[in-house]
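Step one of this worksheet: look at the structure below.
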Amino acid sequence: MEIAQVATIAGKEFWDRIRNRWVLAVAAVFTVFALAIAYFGGAQQGAVGFRSIEFTIASLVSLVIYLIPLIALVLGFDAIVGERERGSLDLLLSMPITRFELLLGKYLGLAGALAFSTVAGFGLVALVLATQLELNALLHYFGFMLSSVLLGMAFLSLAVMVSVFATDRTRASGMAIALWFFFVLVFDLLLLGALVVTSGQYGGEIFPYLLLANPADVFRILNIFSLEDVRTLYGLATVFPAALAEPWLLGLVMLGWIAAPLAIATWRFRK
Amino acid sequence: MASISPDAGKTAPPPVIAARQVVKHYGRVHAVDGVDLDIEHGELFGLIGHNGAGKSTLFKMMLGLIPPTSGEIRIAGTAVTGKGFRAVRRRVGYLPENVVLYDNLTGLETLQFFAQLKGVAYSACPNALERVGLAHAAKRRVREYSKGMRQRLGFAQALLGKPQILFLDEPTNGLDPEAIREFYATLRGLRAEGVTVVLTSHILSEIQERVDRLAIMATGKIRAVGTVQALREEMDLPLWIDVRIAPSDFDSVRAVLGQLPVSAIEAHDDRVSVRCARDTKMPVIEALAALDGRLLDLHVREPSLEDVFFGFSD
């Protein structure tokens with residue numbers, strides 16, 4: 001593998017997203033949402049103003065879990081199929097570059113843009129809140145940011161896989177939306193439904209492992225488990241054994257969710 | 001004294017591009033159906049055929065973009081499907097049919113992107129733009145380029161890194177006649193430097209006087225390969241002789257023409273056209289010369305490549 005070729009492709013993808021202000025727009029969305037939640041998250045209870053980092057993070061998690069997978073899928077679904085449909089893929093592949101290098105470059109460039117938006121958008125809020133936070137709370141917030149980046153990377157990996165399998169952009173967008181529905185909306189309902197139907201007799205032990213089969217759930221567990229105050233508020237997380245909730249273990253699972261779709265995409269792209 | 005060539009007895013250098021029994025099937029569609037083709041070093045080679053004849057598919061296989069269903073293609077001695085082909089790619093330039101570039105980049109940025117991929121220094125980019133006459137538009141975005149300008153930019157991209165082999169798929173699409181002339185002048189310059197050029201076209205009149213050899217492709221097969229002259233002779237197509245005469249001499253001249261070994265006579269307002277087989281060309285012209293004085297002008301129309309082409313592809 002030649003790093004220079006990967007870097008060339010990645011650089012183009014990244015700078016394209018900077019130049020067309022994609023990064024700026026997404027970062028602004030994150031900042032606005034995070035600030036709104038931090039200051040007005042408790043408005044229902046009649047209180048306005050920043051309350052606690054834990055409730056802020058808990059609210060942000062439920063927002064980000066919808067938003068970031070959607071943004072990542074929209075960002076990556078046409079990475080390959082877009083070039084194919086426009087007619088520029090043949091020219092790219094005629095260059096001294098392997099298909100794996102092209103795919104990896106595309107992924108890293110887009111991942112860089114998404115990570116940059118996430119860190120910049122939420123990081124700005126951290127700066128605003130910094131004076132009101134203790135070190136421990138800041139660390140929690142950074143943990144949230146890091147896991148948000150990982151969540152984005154995992155869904156971006158799925159998006160790039162879709163972009164290799166789909167024969168045209170329309171189908172790719174359909175597949176991307178279907179993935180979003182499945183992982184973000186349907187998956188937990190299915191699991192809960194299965195638990196209820198079987199009255200919890202079967203699957204009780206494998207249930208936590210099934211949660212690992214969804215990067216969005218991994219993200220949720222990563223964040224909720226680190227927050228003592230809100231852990232009890234989340235039914236799902238309470239059935240999760242603490243032994244599995246080690247951040248490094250969950251982090252590894254996330255890395256697996258990044259690597260596996262990319263590996264499948266590479267295999268398919270080479271064929 | 002007869003000199004003996006030092007090369008006598010040696011085997012010819014291997015062809016730069018060698019295709020052996022190349023087949024590409026898409027389900028039941030036989031896009032390329034058993035192609036054998038050798039293209040020699042430094043040749044300007046034309047591949048002609050209708051749309052859908054299999055030219056682009058053959059091109060993509062030669063570039064290693066799609067694998068053949070069966071058969072083998074070697075470029076500069078290296079199999080296109082093999083591991084060593086990346087090194088060959090550095091010496092190959094490719095202009096795809098209807099080249100699509102990135103609208104959001106400027107012309108110069110476009111070339112810099114491809115230069116990076118090819119491992120070519122940025123300093124080569126302004127020269128490449130100059131060479132295709134786009135220096136004035138270097139800082140403009142490709143979005144604002146006309147069809148012809150995009151085509152030129154695509155050509156500039158193909159020229160980056162001094163390639164030894166150029167694959168140009170319908171390279172003159174969208175170019176005006178002046179640009180087409182310049183384009184072929186550039187190709188002749190490259191050939192003089194030893195670059196092998198393979199180009200496709202469906203505009204036969206454009207390439208017939210400009211390529212060294214050409215192959216006619218139809219329904220996935222190479223129907224004929226050779227120089228234009230060789231193909232004409234091989235086909236043995238009849239030629240036309242136009243004779244201009246004064247209207248008053250029309251009937252007498254027609255009477256003379258009727259005696260000649262011609263296969264058709266067509267009368268027009270100011271001239272008479274006769275069709276004859278290639279081997280009767282000289283007898284016919286000599287007989288016409290005897291008309292002496294009544295003959296105002298004479299013009300021989302050789303069969304065009306188009307006639308050859310349709311002869312083979314039908």
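All values below were derived from every heavy atom in this structure, side-chain atoms included, with hydrogens, water molecules and symmetry-related copies excluded. Chain letters run A, B, ... following the sequence lines, proteins first and then strands; every chain starts at 1.
- Chain B forms the most heavy-atom pairs under 4.5 Å with one residue out of A:Gly87, A:Gly11, A:Ser94, and that residue is A:Ser94.
- Contact of the A:Met95 side chain with the B:Tyr94 side chain is not registered, since no non-hydrogen atoms from C-beta on lie closer than 4.5 Å.
- The environment of CZ in A:Phe187 is crowded: more than 12 heavy-atom neighbours from other residues, nucleotides or ligands sit within 6.0 Å.
- Counting non-hydrogen atoms of neighbouring residues, nucleotides and ligands closer than 6.0 angstrom, the CZ atom of A:Arg21 reaches no more than 12 such neighbours.
- Using a cut-off of 4.0 Å between Lys/Arg side-chain N and Asp/Glu carboxylate O, B:Arg90 and A:Glu2 are scored as salt-bridged.
- For B:Val92, no part lies near chain A; criterion is any non-hydrogen pair under 4.5 Å.
- Heavy atoms closer than 4.5 Å to chain A are found nowhere in B:Leu95, neither backbone nor side chain.
- Close approach to chain A, defined as a heavy atom under 4.5 Å from one of its heavy atoms, is seen in B:Asn104, B:Leu105, B:Glu109, B:Phe113, B:Phe114, B:Gln116, B:Leu117, B:Lys118 of residues 104-124 of chain B, taken by number.
- Two residues are said to be in side-chain contact when any heavy atoms from C-beta on lie closer than 4.5 Å; B:Leu65 and A:Leu89 fail this criterion.
- The environment of CZ in A:Arg19 is crowded: more than 12 heavy-atom neighbours from other residues, nucleotides or ligands sit within 6.0 Å.
- For NZ of B:Lys55, the number of neighbouring non-hydrogen atoms (other residues, nucleotides, ligands) closer than 6.0 Å is greater than 12.
- Residue B:Lys162 places its NZ atom among 12 or fewer non-hydrogen atoms of other residues, nucleotides or ligands, all under 6.0 Å distant.
- Atom CH2 of A:Trp22 has more than 12 neighbouring heavy atoms from other residues, nucleotides or ligands inside a 6.0 Å radius.
- When heavy atoms are compared at a cutoff of 4.5 Å, B:Phe85 does not approach chain A at all.
- Taking each heavy atom of B:Arg86 and A:Thr98 in turn, the nearest pair found is NH2-CG2, 3.0 Å.
- For chain B, the option among A:Ile97, A:Leu92, A:Leu93, A:Asp90 with the highest count of heavy-atom pairs below 4.5 Å is A:Asp90.
- Two residues are said to be in side-chain contact when any heavy atoms from C-beta on lie closer than 4.5 Å; A:Glu83 and B:Val100 fail this criterion.
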